[in-house]
*Asks:* 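Handing you a structure now.
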Amino acid sequence: MRRTKPMAGWGGTTFWLMTGVVACLWLSGCVLYGLPVEDLSEMSVNQAVLRRVSGVVHGCVAWLFCMLCGRGVWPHVRVMWHRHSQRGKWAWGLVNLLLFFFLACGGLVLLYGNPWMHESLLPWHFWVGAIGPAAYLVHTRGRW
């Protein structure tokens with residue numbers, strides 16, 4: 001019987017799915033930020049369609065991201081929370097957890113909040129989301 005290597009709550013499929021989801025969220029978020037809804041009337045037809053498709057993709061992939069967090073991240077956190085032997089990876093994992101929490105709460109406010117909340121939170125949500133994949137890559141650099 002072959003012995004399997006402990007993966008600390010992360011299987012290979014879950015890791016690659018999470019990496020793909022983070023990349024899709026980043027790309028669609030960049031499109032949404034680069035093509036603001038205020039300029040929709042001045043956009044070409046292709047730009048307007050790209051913005052609308054990016055909005056739908058961003059929402060659907062955010063839902064998938066939440067599912068993957070439940071499937072992969074929480075078991076990973078449960079296994080790794082008390083292991084402080086690799087302080088750097090542990091700290092980057094905590095940074096990722098805080099960034100994901102901020103982005104999830106910010107996404108809910110952007111979706112359901114008042115317009116004045118939308119205007120003040122949008123740049124924060126974008127820039128935290130723009131640097132989020134870098135923190136994710138630093139935390140998971142052992143997989144690459």
Side-chain angles (χ1 to χ4, degrees), residues 5-144:
K5 183 178 159 187
M7 301 298 280
W10 278 87
T13 304
T14 305
F15 170 75
W16 287 110
L17 280 172
M18 184 62 89
T19 302
V21 164
V22 167
C24 287
L25 282 171
W26 183 81
L27 184 61
S28 61
C30 287
V31 170
L32 289 172
Y33 192 76
L35 298 172
V37 73
E38 295 85 21
D39 299 340
L40 196 59
S41 61
E42 301 165 5
M43 289 181 199
S44 70
V45 174
N46 291 338
Q47 288 175 327
V49 168
L50 178 63
R51 191 195 190 292
R52 287 188 182 106
V53 167
S54 293
V56 171
V57 166
H58 200 72
C60 292
V61 173
W63 176 78
L64 182 60
F65 178 79
C66 291
M67 282 182 46
L68 285 173
C69 282
R71 169 73 173 98
V73 172
W74 293 123
H76 175 69
V77 168
R78 181 182 49 82
V79 169
M80 297 304 292
W81 188 256
H82 296 290
R83 291 187 189 175
H84 299 286
S85 60
Q86 294 179 327
R87 292 267 185 206
K89 282 194 170 201
W90 193 89
W92 278 109
L94 191 59
V95 167
N96 274 313
L97 188 64
L98 293 173
L99 288 175
F100 289 162
F101 182 75
F102 175 80
L103 289 171
C105 292
L108 287 173
V109 170
L110 288 173
L111 188 60
Y112 297 114
N114 292 333
W116 66 269
M117 296 168 99
H118 188 273
E119 292 173 7
S120 59
L121 184 64
L122 183 64
W124 286 98
H125 185 78
F126 171 74
W127 288 108
V128 170
I131 65 166
Y136 176 76
L137 290 175
V138 169
H139 178 62
T140 60
R141 69 184 173 271
R143 291 280 194 146
W144 302 98

*Asks:* I'd like to know whether Cys24 forms a side-chain contact (heavy atoms from CB on, under 4.5 Å) with His58, so could you lay out the CA-CA distance, the side-chain angles of the two residues, the decisive distance to 0.1 Å, and finally the verdict.
*Replies:* CA-CA 7 Å; Cys24 287; His58 200 72; over 6 Å; no

*Asks:* Please answer whether the main-chain N or O of Ser44 pairs with a side-chain N or O of Gln47 as donor and acceptor at a distance below 3.5 Å.
*Replies:*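 Yes; at least one donor-acceptor contact below 3.5 Å.
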
*Asks:* Go through the steps to decide whether Val53 and Val49 satisfy the test side-chain contact (heavy atoms from CB on, under 4.5 Å), and finish with yes or no.
*Replies:* CA-CA 6 Å; Val53 167; Val49 168; 4.2 Å; yes

*Asks:* Where is the tightest heavy-atom contact between Gly129 and Leu103, given as atom of each residue plus distance?
*Replies:*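 Closest approach of Gly129 to Leu103: N-CD2, 3.6 Å.
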
*Asks:* Out of curiosity, Phe100 CZ to Leu25 CG, how far, rounded to the nearest 0.5 Å?
*Replies:*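 The CG atom of Leu25 is 9.0 Å from CZ of Phe100, to the nearest 0.5 Å.
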
*Asks:* State, to 0.1 Å, how close Val57 and Ser28 come at their nearest heavy-atom pair, and which atoms those are.
*Replies:*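 Closest pair (atom of Val57, atom of Ser28, distance): CG1-CB, 4.4 Å.
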
*Asks:* Kindly compute the distance separating CE (Met117) from CG (Leu122), expressed to the nearest 0.5 Å.
*Replies:*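 Separation between the atoms: 13.5 Å.
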
*Asks:* Please lay out, stage by stage, how Asp39 and Leu35 fare under the test side-chain contact (heavy atoms from CB on, under 4.5 Å).
*Replies:* CA-CA 7 Å; Asp39 299 340; Leu35 298 172; over 6 Å; no

*Asks:* For the CZ atom of Arg71 and the OG1 atom of Thr13, what is their distance to the nearest 0.5 Å?
*Replies:*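 Reported to 0.5 Å precision, the distance equals 8.5 Å.
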
*Asks:* What are the two closest heavy atoms between Leu32 and Arg51, and how far apart are they?
*Replies:*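 Closest approach of Leu32 to Arg51, heavy atoms only: CD2-NH1, 3.4 Å.
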
*Asks:* Over all heavy atoms of both residues, which pair between Leu110 and Leu121 is shortest? Give the atoms and the distance, please.
*Replies:*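 Looks like CG-CD2, 4.1 Å.
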
*Asks:* At their closest point, which heavy atom of Val31 faces which heavy atom of Ser54, and how far apart are they?
*Replies:*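 Answer, listing the atom of Val31 first, then Ser54: CG1-OG, 3.1 Å.
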
*Asks:* Angle class for the Phe126/Tyr33 ring planes (parallel below 30°, perpendicular above 60°, tilted otherwise)?
*Replies:*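 Ring orientation of Phe126 relative to Tyr33: parallel.
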
*Asks:* About how many Å separate CG of Asn114 and CD of Glu119, when rounded to the nearest 0.5 Å?
*Replies:*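 Answer rounded to 0.5 Å: 11.0 Å.
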
*Asks:* Which distance, rounded to the nearest 0.5 Å, do you find between the NE2 of His125 and the OG of Ser120?
*Replies:*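 If we round to the nearest 0.5 Å, His125:NE2 and Ser120:OG are 13.0 Å apart.
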
*Asks:* On a heavy-atom basis, which atom in Ala135 and which in Leu99 lie closest, and how many Å separate them?
*Replies:*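 Residues Ala135 and Leu99, closest heavy atoms: CB-CD1, 3.8 Å.
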
*Asks:* May I ask you to decide if the ring planes of Phe15 and Tyr136 are parallel, tilted or perpendicular, using 30° and 60° as cut-offs?
*Replies:*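 Ring orientation of Phe15 relative to Tyr136: parallel.
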
